[in-house]
Amino acid sequence: MATAVRPVTPGESAGEGDDKLLAALVEAVGVLEEVGRGSGQIAAKAQALVAQRREGRRWDEILCAEEVPRLTALLSDSSEAIGRVNSRVRRAQTDVLYEQGLAMHRIGELLGITRQRVAVLLNAVGDEKGKVGETPR
């Protein structure tokens, strides 16, 4: 049975002090909801291109006449937004797990990444916190 979760409103503060992971997850919810709202427009544009090609139009005619925003721009914007929030969530997860005593190899196992990638993420988090020069354990 699913647990009821209070909806997150756009721009909402995590309200949990320094809980970077909570803040990242709240941001992820907002980004994913926004991308979800835009997915209908993306699908409609793709379907229109398919229909035109099936009608026998040439690709240069179809793509040169495509209205702005173009399909590729919409796809790019969505994937970039998801990529940015994914990076923020992954860095926050790595940081919180490391701060709570998990070893880098265990964090890597949990997140499906290498121990070396964990070290890179921890260094990035350290740079953000101003801990340049500290070596992750």
Can you give the donor-acceptor pairs under 3.5 Å from side chains of residues 70-77 to other protein atoms, not counting sequence neighbours?
unit_1	atom_1	unit_2	atom_2	d
Arg70	NH1	Leu63	O	2.8
Arg70	NH1	Glu66	O	3.1
Ser76	OG	Glu80	OE2	3.0

Worksheet, complete the sentence: Heavy atoms of Pro69 and Gln41 approach each other most closely as CG-NE2, 4.0 Å

Discussion item. Hydrophobic clusters here meaning ILVMFWY residues chained together by side-chain heavy-atom distances under 4.5 Å, can you tell me if Met104 and Leu110 are in one?
Written reply: yes

Discussion item. Looking at every non-hydrogen atom in both residues, tell me the closest pair between Ala24 and Val89 and how far apart they are.
Written reply: O-CG2, 3.6 Å

Fill in: Residue pairs, two or more places apart or on separate chains, that pass side chain to side chain donor-acceptor pair (under 3.5 Å) and touch residues 48-57
Gln52-Arg57

Worksheet item: Any link between Ile42 and Val31 through a network of hydrophobic side chains (Ile, Leu, Val, Met, Phe, Trp, Tyr) touching at under 4.5 Å?
Response: no

Discussion item. Quick check: is Val125 connected to Val120 through a chain of hydrophobic side chains (ILVMFWY, heavy atoms under 4.5 Å apart)?
Written reply: no

Practice prompt. Could you name each residue pair satisfying side chain to side chain donor-acceptor pair (under 3.5 Å) that touches residues 101-110, not counting sequence neighbours?
Written response: Arg106-Glu109

Item to complete: Measure the spacing between CZ of Arg37 and OG of Ser78 and express it to the nearest 0.5 Å.
Response: 11.5 Å

Worksheet item: CG of Leu102 to CG of Leu97: how many Å apart, nearest 0.5 Å?
Response: 5.5 Å

Worksheet item: Atom OG of Ser39 and atom CG of Leu32: how far apart are they, to the nearest 0.5 Å?
Response: 11.0 Å

Fill in: Intermediate values then yes/no, side chain to side chain contact (heavy atoms under 4.5 Å, CB included), Ile113 and Leu121
CA-CA 11 Å; Ile113 58 178; Leu121 292 171; 3.7 Å; yes

Worksheet item: Atom CG in Leu21, atom CZ in Arg88: separation rounded to 0.5 Å?
Response: 9.5 Å

Worksheet item: Out of curiosity, Asp95 CG to Arg90 CZ, how far, rounded to the nearest 0.5 Å?
Response: 14.5 Å

Fill in: Close side-chain approach of Leu111 and Ile107, heavy atoms under 4.5 Å
yes

